Amino acid sequence: ICEATFGFHTHIRTARPEDIMTPVKDIRLTIGGTETGPRGGTDLLLVAQRADGKVWPDDVAFMDEVAVLTRRAVRCVRGREQRTLAREQRLAAAMETCAACTGTNFAPLFNDVLEIVARCLPGVDAYL
């Protein structure tokens, strides 16, 4: 794998058709001020070098499938990190809110905690 800047397509070089290249992008996420992933994101390039004169079309389709699965794996890793950070931050906020409660009227506390967990991840109603 080497760094490159391409669109999301599998390529074959004209000068050397035995080489198959396909890009994979890694991203950086910021969750509540905490960053995860490479700074600025990273463009990676998967390269397969076939033997001279070996240019089977199925190799290109296979390489494209490998790239699709690699992209999905990167998204899964970043998503897992995003959920972990969000969960930690929401837990800390809920604990702080609960510790600040001094009365016996728990309805406002319940509403405050529900609001905290409801704003955890975009597109999620509540995440615990």
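This is a predicted model, so every value here is computed, not measured. We use all heavy atoms of the structure for the numbers below, so side chains are in, but hydrogens, waters and symmetry mates are not.
Rounded to the nearest 0.5 angstrom, D19 CG and M21 CE are separated by 6.5 Å. To the nearest 0.5 Å, atoms CG (L85) and CZ (R90) are separated by 11.5 Å. Summarising the geometry, atom CD belonging to E96 is positioned 11.5 Å from atom CG belonging to D112; distances are rounded to the nearest 0.5 Å. Within the model, atoms SG of C98 and CZ of F106 stand 9.5 Å from one another, a figure rounded to the nearest 0.5 Å. Note that the CD1 atom of I20 and the CH2 atom of W56 stand 10.5 Å from one another [nearest 0.5 Å]. Note that CE of M63 is 10.0 Å distant from CZ of R50, once rounded to the nearest 0.5 Å.
P23 places a side-chain heavy atom less than 4.5 Å from the side chain of R71.
Linking Ile, Leu, Val, Met, Phe, Trp and Tyr residues whenever their side-chain heavy atoms come within less than 4.5 Å places V24 and V60 in a single cluster. In the hydrophobic clustering of this structure, L46 groups with F62; members are Ile, Leu, Val, Met, Phe, Trp, Tyr whose side-chain heavy atoms approach within less than 4.5 Å, directly or through other members.
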For this session: Run the numbers on T22 and L45 for side-chain contact (heavy atoms from CB on, under 4.5 Å), then give the verdict.
Result: CA-CA 6 Å; T22 188; L45 184 64; 5.7 Å; no
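Counting all heavy atoms, side chain and backbone alike, A94 lies closest to V113 at CB-CG1, 4.4 Å.
Distance alone, capped at 3.5 Å, is enough to place a donor-acceptor pair between the E18 side chain and the G53 backbone. Using a distance-only test at 3.5 Å, with no hydrogens or angles considered, a donor-acceptor pair links the side chain of R83 to the main chain of G79.
Residues satisfying the side-chain hydrogen bond (donor to acceptor under 3.5 Å, both in side chains) test with D52, not counting sequence neighbours, are R16.
A salt bridge between R78 and D26 is present, with a side-chain N of the basic residue lying under 4.0 Å from a carboxylate O of the acidic one.
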